[in-house]
Amino acid sequence: MEIDQEVQHEPRIVIPGDIIKEATETNIILGPGLRQEGEHIVATKAGLLKHLAPGKWWIESNQKRYIASTGESVLGRVTSKLAEYYRVDIGTAHSAILPALAFEGATRRNKPNFTPGTLVYCRVAMANRDMEAELECVNPTTGKADGFGELKNGFVVKCSLGLCRRLLDPNAMILRLLGEHFPFEMAVGMNGRIWIHSNSVKDTITLANAIQNSEYLDDDECKVMVQGLLLKA
């Protein structure tokens with residue numbers, strides 16, 4: 001009996017123009033920093049080449065400006081309302097578009113009514129470097145909101161794009177440690193924004209500072225930091 005084994009690829013540093021020869025899967029999903037050029041997959045920015053089985057590849061880097069990529073979750077603020085859609089600031093060079101019907105159960109007679117300044121958690125439905133990104137607040141697989149939509153109360157923290165990607169790891173040590181001592185809700189946007197909501201303003205500030213300070217700490221250093229926070233609380 002043959003057993004399929006996933007090939008493990010160690011992260012490596014790439015620069016613009018490098019050909020990604022490791023990507024040999026039949027079905028490949030290209031994330032930020034990669035593009036198809038003929039028969040080759042080429043890096044478009046410098047950073048760490050990352051792989052997630054079965055076939056997702058992307059380049060992780062601490063660039064300051066976010067570049068929208070299809071399928072990513074982002075935090076944005078509504079900047080203006082038009083008849084059929086909203087304009088949303090997600091930190092890209094140009095504002096994104098959020099159709100008024102891109103919500104669970106939305107119809108022309110029954111759709112959300114957001115005002116400028118509203119914070120929304122969205123998914124990038126379509127991204128093209130020559131067009132404005134299009135957003136949606138519904139999971140295309142289930143047709144449900146699944147956490148997307150308006151975010152009320154809470155506090156928004158800005159951090160590096162690399163830290164946001166690491167926080168999406170289910171085994172992120174800092175979140176596991178904080179979750180053992182603080183009840184809180186969090187939404188992580190791949191565009192360098194994090195929404196945090198807890199029982200009090202003091203706890204929210206503590207959580208925000210801890211998450212930001214964890215960027216360059218290893219697991220043991222995170223444990224020490226959280227212990228220090230508990231002693232001060």
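Between the side chain of T70 and the main chain of A127, a donor-acceptor pair closer than 3.5 Å is present. The closest donor-acceptor contact from the side chain of T118 to the backbone of F114 lies at 3.5 Å or more, if one exists at all. Panel note: side chain E104, backbone A145; a donor-acceptor pair is recorded below 3.5 Å. A donor-acceptor distance shorter than 3.5 angstrom exists from the side chain of N191 to the backbone of I90, with no hydrogens or angles considered. At least one donor-acceptor pair under 3.5 Å links the side chain of E221 to the backbone N or O of D218. For R87 (side chain) and S80 (main-chain N/O), no donor-acceptor pair under 3.5 Å exists by modelled atom type. In terms of modelled atom types and a separation under 3.5 Å, the side chain of N213 and the main chain of N209 share a donor-acceptor contact. Counting only distance, with no hydrogens or angles, the side chain of R65 and the backbone of T92 share a donor-acceptor pair below 3.5 Å. Distance alone, capped at 3.5 Å, places no donor-acceptor pair between the S214 side chain and the C222 backbone.
For the residue pair H197/E185, the side-chain donor-acceptor check at 3.5 Å is satisfied. H51 and E25 form a side-chain donor-acceptor contact under 3.5 Å, judged by distance and modelled atom types alone.
Of the inter-residue distances, the one linking I13 atom CD1 with L49 atom CG reads 11.0 Å to the nearest 0.5 angstrom. Rounded to the nearest 0.5 Å, atoms CZ (R166) and OG (S160) are 6.0 Å apart. Atom CG of residue L163 and atom CD of residue E215 lie 5.0 Å apart, to the nearest 0.5 angstrom. We find the CG-CH2 distance between L30 and W57 to be 10.5 Å, quoted to the nearest 0.5 Å. L151 CG to L119 CG: the interatomic distance, rounded to the nearest 0.5 Å, is 5.0 Å. Separation of atoms CD1 (I15) and OG1 (T44) is listed at 12.5 Å; rounding is to 0.5 Å.
Salt-bridge check for E72 with R165: passed, with a basic side-chain N closer than 4.0 Å to an acidic carboxylate O. Comment: E84 engages R108 in a salt bridge, judged by a side-chain N to carboxylate O separation of less than 4.0 angstrom. Of the charged side-chain nitrogens involved, none lies within less than 4.0 Å of a carboxylate oxygen, so that K45 and D18 do not count as a salt-bridged pair.
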#### Entry: Verdict with supporting geometry, D146 and R123, salt bridge (Lys or Arg N to Asp or Glu O under 4.0 Å)
CA-CA 11 Å; D146 288 348; R123 175 185 178 276; over 6 Å; no
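Partner of M225 under the side chain to side chain contact (heavy atoms under 4.5 Å, CB included) criterion, chosen from L177, I174, L230: I174.
The cluster map of Ile, Leu, Val, Met, Phe, Trp and Tyr, joined by side-chain heavy atoms under 4.5 Å apart, puts L207 and L168 in the same cluster.
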